[in-house]
Amino acid sequence: MHAYRTHKCNDLRASDAGQTVKIAGWIHRKRDHGGLLFIDLRDHYGLTQVVINTDNPLFEAVEKLKLENVISVTGEVVERTAETKNSKLPTGEIEVKLKAFDLLSAPVTDMLPLQVNSDEPYGEDVRLKYRFLDLRREVLHRNIVLRCDVVSSLRRRMNEQGFREFQTPILTASSPEGARDFLVPSRLHPGTFYALPQAPQQFKQLLMMSGFDRYFQIAPCFRDEDARADRTAGEFYQLDVEMSFVTQDDVFAAMEPVIYGMFEEFSAFNGKKFSVTPPPFVRIPYDESMLKYGNDKPDLRNPLVITDVTEVFARDDVQFKAFKGVLEKGGVVRAIRAPAVFDKPRSFFDKLNSWAQGEGAPGLGYIVFESEGGKGPIAKFVPDAAQAELRRLCGVETGDAVFFVCDMADKAAKMAGLARTKIAEDMDIIEKDTFKFCWIVDFPMYEISERTGKVDFSHNPFSMPQGGLKALNGDDPLKIKAFQYDCVLNGVELASGGIRNHVPEIMERAFGIAGYPAEAVRAKFGGMYSAFKFGAPPHGGCAFGIDRMVMFLADQKNVREVIAFPMNQQAEDLLMGAPSPAEPAQLKEVHIKLDLPKAAVKAAG
RNA sequence: GCGGGUGUAGCUCAGUUGGUUAGAGCGCCUGCCUGUCACGCAGGAGGCCGAGGGUUCAAGUCCCUUCACUCGCGCCA
């Protein structure tokens with residue numbers, strides 16, 4: 001017989017009755033009836049009930065075993081009587097009658113800081129400090145298995161599409177993503193530092209320039225920025241992809257079956273089957289998304305759309321001064337049609353109005369289009385002819401209401417987007433149990449940086465500007481679009497990508513517009529720059545956030561629920577005790593002298 | 001760095017307008033129990049009420065400071 005087990009804890013059925021077996025696992029639960037003792041033995045695969053009674057000389061020893069001790073049990077598989085079968089357990093037809101057991105772990109003597117057999121919501125610091133216990137619990141264990149399976153599915157699907165998985169360096173140079181780098185001091189080159197990659201961006205492009213054609217990697221990415229519920233501190237994983245000789249449509253065509261197929265494969269993970277957008281995913285230009293949805297990551301489960309109705313409120317016969325004043329300064333009016341809300345109580349509209357005030361807007365004006373005409377606080381300022389125009393623009397049917405947001409274009413878009421979500425939530429018309437994908441395309445190449453007030457890249461500086469060098473030389477930089485796109489799922493950005501710039505002149509000019517002199521570009525991205533000069537193929541790709549995709553499938557609000565060993569919000573690993581001070585000798589070797597703020601000196605004490 | 005929330009038994013939490021000895025469930029210990037499967041029953045141990053300071057006859061409760069955790073802002077392809 002095997003040293004530890006002949007069967008897993010989910011294997012045995014009535015048909016195995018009579019066999020002598022050995023199973024091994026953790027003591028999940030004990031039910032001690034004095035003369036009769038049940039143990040639920042748990043392993044990765046499931047639970048099996050072990051039974052022993054006082055006839056057995058081992059009874060006393062078994063009775064003393066603690067929860068979470070690891071044991072192996074040898075015994076006979078016995079079919080339970082009809083009334084003692086447990087239909088809730090896959091192995092509930094049988095139990096194992098204990099003949100012998102071995103204690104495989106050191107005996108558990110301390111109080112368990114959290115109970116494995118409970119679904120109580122433990123505090124995160126306890127869960128992270130004793131992550132190995134938390135990981136034994138059902139929900140987290142399942143989530144991590146899901147994550148493994150998702151990664152494995154993605155790999156298989158990428159391989160099937162003709163992609164190969166590459167590895168790229170972890171110790172490298174700073175990349176262009178714009179987040180804070182993690183630095184690693186060089187021992188051999190005093191005063192210099194490696195950066196951990198924020199993404200393998202330059203390497204994957206260099207692989208294309210090295211003549212490989214279809215790259216992917218389940219790539220760790222490191223960014224020294226603060227955490228959020230949906231963003232881990234420090235590190236995360238991307239399905240990183242790059243392809244040569246491709247247009248934007250080729251990238252979409254390659255990725256859609258992978259992402260669709262994977263989501264479809266795991267879409268019933270939570271017990272309820274979610275529908276998944278079949279390819280091709282709808283493509284929405286950035287400008288259209290900002291107008292119709294108020295942001296660049298629309299939740300398409302929400303049926304409401306935003307319409308520009310500036311022209312209506314600009315009419316001479318419309319005398320709504322509150323809006324007129326904003327329009328004179330160059331503002332816009334955006335409208336959201338809420339279908340069939342004429343019979344909603346007054347409080348429905350009042351609550352939305354006070355919500356809008358809470359968001360910093362003066363209010364949320366509206367007109368209800370009833371059969372006898374427009375009603376509501378704004379209606380009297382909008383004569384019939386203008387109301388008819390509103391109905392036409394917004395596609396209003398009798399019984400609908402239209403809400404208005406008036407502000408300068410970017411603020412109006414943002415507020416209208418928030419209102420669109422809020423109205424749909426209050427109406428409870430957001431579709432459930434569905435994964436709705438889309439691509440947002442034609443992102444602007446440049447934007448005015450809010451911090452500096454100067455022209456800067458709005459996304460990836462390595463993206464190809466639409467119109468190429470000619471556009472860079474001739475057009476208003478803020479009007480230039482890039483071959484830059486995002487994949488959005490239910491209002492969350494899942495992926496970003498682009499067709500890359502592979503022409504050195506365009507690269508220099510593109511960076512020049514953003515205020516980086518050519519010498520600086522050559523110094524910072526020398527490898528890329530020189531590769532561009534020696535035969536770079538047109539190429540492009542994208543990167544999908546693994547953690548976020550698993551979060552969606554596991555229906556978790558917090559990314560730490562889909563990562564085996566995450567850091568806490570303060571970027572500390574409570575289990576491993578990282579970060580931790582370095583030995584003076586280690587610091588000396590890498591030529592580092594500490595210069596700590598006073599508070600930290602005290603803490604390090 | 002900033003703002004909100006939380007901090008009471010090993011764990012999850014309750015604790016009234018400040019008022020006797022700070023409670024419950026789970027876990028732990030002891031005893032009883034031969035068909036449970038969240039077994040049951042009886043009893044017990046276990047508390048620097050995050051820490052420091054203050055107000056008060058009296059503080060878990062009010063005030064100030066501070067620390068920890070968490071959510072968000074800043075930040076972040």
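Letters A, B, ... mirror the listed sequences (proteins, then strands); counts begin at 1.
- Here the side chain of R31(A) pairs no donor or acceptor atom with the backbone of F38(A) at under 3.5 angstrom.
- Taking only side-chain atoms of A179(A), from C-beta outward, the nucleotide of rC71(B), rG25(B), rC76(B) with the closest atom is rC76(B).
- By the 5.5 Å and 30° criteria, H33(A) is not stacked with the base of rU36(B).
- In this structure, K481(A) pairs ionically with D287(A), as a charged nitrogen and a carboxylate oxygen lie closer than 4.0 Å.
- Taking the side chain of N53(A) as heavy atoms from C-beta on, and the options rC28(B), rU34(B), rU36(B), the nearest nucleotide is rU34(B).
- Taking side-chain N and O atoms only, Q198(A) has no distance below 4.0 Å to OP1 or OP2 of rC76(B).
- Closest to the side chain of E95(A), out of rU36(B), rC28(B), rG72(B), is rU36(B).
- The side chain of L128(A) lies closest to rU70(B), out of rC28(B), rU70(B), rU34(B).
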Base-pair map of RNA chain B as dot-bracket, where | denotes pairing with a different strand and pairs are Watson-Crick or G-U under 3.5 Å: (((((((..((((.....[...)))).(((((.......))))).....(((((..]....))))))))))))....
Please tabulate, one pair per line, each protein N/O and nucleotide N/O from nucleotides 5-10 of chain B that are separated by under 3.5 Å, including the distance.
residue : atom : partner : partner atom : Å
rG10(B) : N2   : Q115(A) : OE1          : 3.3

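- For RNA chain B, no neighbouring residue in residues 133-141 of chain A is found when judged by any heavy atom under 4.0 Å.
- Salt bridge annotation for R42(A)-E68(A): present, with a cationic side-chain nitrogen under 4.0 angstrom from a carboxylate oxygen.
- Residue D226(A) places its side chain closer to rG1(B) than to any other of rG1(B), rU36(B), rC29(B).
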